[in-house]
Amino acid sequence: MSISDDPFDLGREPDESPSERPGVPVRADAPYLRALNDKQREAVEAMDGPVLVLAGAGTGKTRVLTTRLAHILATRRAWPGQILAVTFTNKAAREMRERIGALIGGVVEGMQWLGTFHSLGAKILRRHAELVGLKSNFTILDTDDQIRLIKQVMQAENIDEKRWPARVFAAILDRWKNRGWSPEKVPASEAEGFARGRGIEIYKLYQQRLKTLNAADFGDLLLENLRLFQDHPDVLADYQRRFVYMLVDEYQDTNVAQYLWLRLLAQGHKNICCVGDDDQSIYGWRGAEVDNILRFEKDFPGAKVIRLEQNYRSTPEILGVASGLISANAGRLGKTLWTEADKGEPVTVMGAWDSETEARLVGDEIEALQSKGRKLAEIAILVRASFQMREFEERFLTLGINYRVIGGPRFYERMEVRDALAYLRVIYQEDDDLAFERIFNKPKRGLGDKALLTLQTTARSQGTSLMGAARSLSATDELPAKARTVLAQLVQSFDRWRTAAASLNHVDLAEMVLDESGLTDMWQNDRSPDAPSRLENLKELVRSMEDFETLAGFLEHVSLVMEATEEAGDNDKVTLMTLHAAKGLEFPIVFLPGWEEGLFPSQRTMDENGIAGLEEERRLAYVGLTRAKEKAFILFVANRRTHGSWQSAIPSRFIDELPESMIERRMDEHSGFSTFGTGSRFDGQESFTSAYESPGWRRARAAGGFDPRRPVTIDENAELVATSDPRVASYAIGERVFHDKFGYGRVRRVDGNKLTVEFDTTGEKRVIDSFVKRA
DNA sequence: GTCCTAAATTTTTTT
DNA sequence: AATTTAGGAC
């Protein structure tokens, strides 16, 4: 086999040593290199040995990553199949694939090792599944399955679920796995807190159950890789040889398990390039260790560290405000972002009376921007927590502003979709008891807890799966005749579907299963108002399967990606999402609402992680600000509703940390603040500050000795709250009303301030009277 | 075994 | 406030 002239030739053995492919000198004026600045270029051309690129927000990180990949390929230092490129999210992986594709064309198809940690971990695990006690078609459990399984284990161990909830243990287990701890490695001190120190025991039993179910959870995708590499050095050596170059995106977000995985794999060629920004580390709650980035030079001796500090995204004002904010953090590697961009507008800080007003202000501002010719697609609203989205949605519906929510409730998590998927999972992998359990009486077949218990006992005594137990039980008389018949029918159906799966394509199979299982009928006969949309979702599920070659591929996608394929049509819409979801994106105009103590920074994070938690929140604020290219708005309110009751709030400490010279403070005149202050913001700087000194807030501070971390519920404000909520006269039964979200409807029942309304489109709902208007 | 009512829980962020 | 879960009645 001779080396082809085409540097992107795919027909190469991936195991060739790099020496067989001498690098081809690339002209210094190669177009893709010319487009880079000096630092970026240095990062692209530093090919040998470990490299750490500290890339500040907006400094062209993705461009460096993709160009570096293209450069490796163009200089023939490695074939596409010899490059491991790993990202944190599916979105990032997709984007990288697209951008490399744009740079080098179809060769990107050969990059079979570009993906998220989890998808690559799963890929490797499937290849060697038998070495860790799994079969290659193992199921990947999601959090829901995981909790159900933990619950079962704990039940069998007679652990009081009330006292020690399974979901709590799931979180602990997740943390352990993120740290790379197998049951033997969990320090005893860690396990003391849960179920009188029986945590490790539960962990072990849980892992045993996973093996019998032929399943792995998210953490296992990496942990089992580590075990595989440790127990089978030959397998590890193979991958070490294979991955000539390694690239890691968002390195600051890696957890210990991922770090160990990378370190093992990098020992071969040692050509590992990690790109990250310690100031954008926002996943500590999920096990990310900023330490990984801080100790890079220690772990990879001789590492070259390159800093990217020229920002191409934002105005000097936005950059200045963001830098000023983040400088309040202590543990940083330290970078100074600079820009050549022209002076822009200051960052606007706005206060509002309550969250409803906040949404109104943003809505008004958006309409103003629109009339200035800005597109809705240029605007994003980034919130700390998804519950904040509701009020914006309602406001936008009223104003007729188109919007899109990123990361809302996920398609594959809907009940009806999960049920359908469970059928497919059982067909594909018969030992998937969790899926079997989910649907063995869905639609209702007259099988219940008793039948399940018998199945489980039989399965355990025979050492088989529930399906196996069902099979043998249909031949004995342990179950009542009726249940036995029904069960036998179910087993028969699955046998039939499995046979069909061999010859039928997976889309037709899914249609057949939906039809014959009775799931479709079940929803067709359902009279509840959301039944039609559930049916529609099932259709959509079948449609989405068409994008995949095989059932296996589809199921893998569902468990690893969890998001439906994006809807077509790039309409002009405002984007509404969480700050976490916004990382890596940019928008000309960004709104950052909800900057109040307790919400942002989040009380819970501070309670759980103290100063470290606070610093992570601050980084989150930094991420939010640096998403903006031209203009950023920060908002806070004096009153926010949590769990139904109004709570007064004080502005986030982050607002005090913004450099005064680059911000503009603006009060909403109808917010109620203006009545406290000496005047509106428009005649001077100090009036705003005096709003902080308003009687309400002064009392708020006095009340709790001013603990800024804990918003105080102030009774003195009660009457003010009441005035913001004008009493609406009660409605009469039969009256026509209008609701922002549900549209027109007719009042059916009145319960104090709660109305039962039959909405024309969405059916009967219970709503609060102040949420509807007379039609 | 199914259906209804009462109570508990939720609001962080996600592979 | 709204949704999910548990328990009890039928």
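Here is how names work: the chains are called A, B, and so on, in the same order as the sequence lines, proteins then strands, and each is numbered from 1.
Nucleic acid contact for A:F117: none, since no nucleic acid atom lies under 4.0 Å from a heavy atom of the residue. Contact annotation for A:S119: no contact, since no heavy-atom pair falls under 4.0 Å across all strands. Across all strands, A:L447 comes closer than 4.0 Å only to sugar-phosphate atoms, never to a base (heavy-atom distances).
Residue A:R167 places its side chain closer to B:dT10 than to any other of B:dG1, B:dT14, B:dT10. Across B:dT13, B:dG1, B:dT14, the shortest atom-to-atom separation from the side chain of A:S386 is found for B:dT13. You'll find that the side chain of A:F387 is closest to B:dT11, out of B:dT11, B:dT14, B:dT2. Distances from the side chain of A:T116 to the nucleotides B:dT15, B:dT2, B:dT13 place B:dT15 closest. Here B:dT14 is the nucleotide among B:dT12, B:dT15, B:dT14 with the atom lying nearest to any side-chain atom of A:W285.
Relative orientation of the A:Y283 and A:F88 rings is tilted, given thresholds of 30° and 60° on the angle between their planes.
With respect to the salt-bridge test (charged N to carboxylate O, under 4.0 angstrom), the residues A:D220 and A:K177 qualify. Under a 4.0 Å N-O distance rule, the pair A:D278/A:R619 does not qualify as a salt bridge.
For A:T89 and B:dT15, a side-chain-to-base donor-acceptor distance below 3.5 Å is absent, hydrogens and geometry of angles not being considered.
Map A:K450 and A:E608 each onto its nearest nucleotide of DNA chain B; the residue landing nearer the 5' end is A:K450.
If you measure from atom CZ of A:R618 to atom P of B:dT12, you get 21 Å, rounded to the nearest angstrom. A straight line from NE2 of A:H580 to P of B:dT12 spans 12 Å, rounded to a whole angstrom.
For B:dT14, one of the phosphate oxygens OP1 or OP2 lies less than 4.0 angstrom from a side-chain nitrogen or oxygen of A:T578. Between A:N441 and B:dT2, a side-chain N or O to OP1/OP2 separation shorter than 4.0 Å is present.
C:dT4 sits 16 Å from B:dT13 when the P atoms are compared, rounded to a whole Å. Between C:dA6 and B:dT11, the two C1' atoms lie 23 Å apart (nearest whole Å).
A:F654 and A:F600 have their aromatic ring centers within a separation under 6.0 angstrom.
Side-chain contact of A:S119 with A:T116: a donor-acceptor pair under 3.5 Å is present, judged by distance alone.
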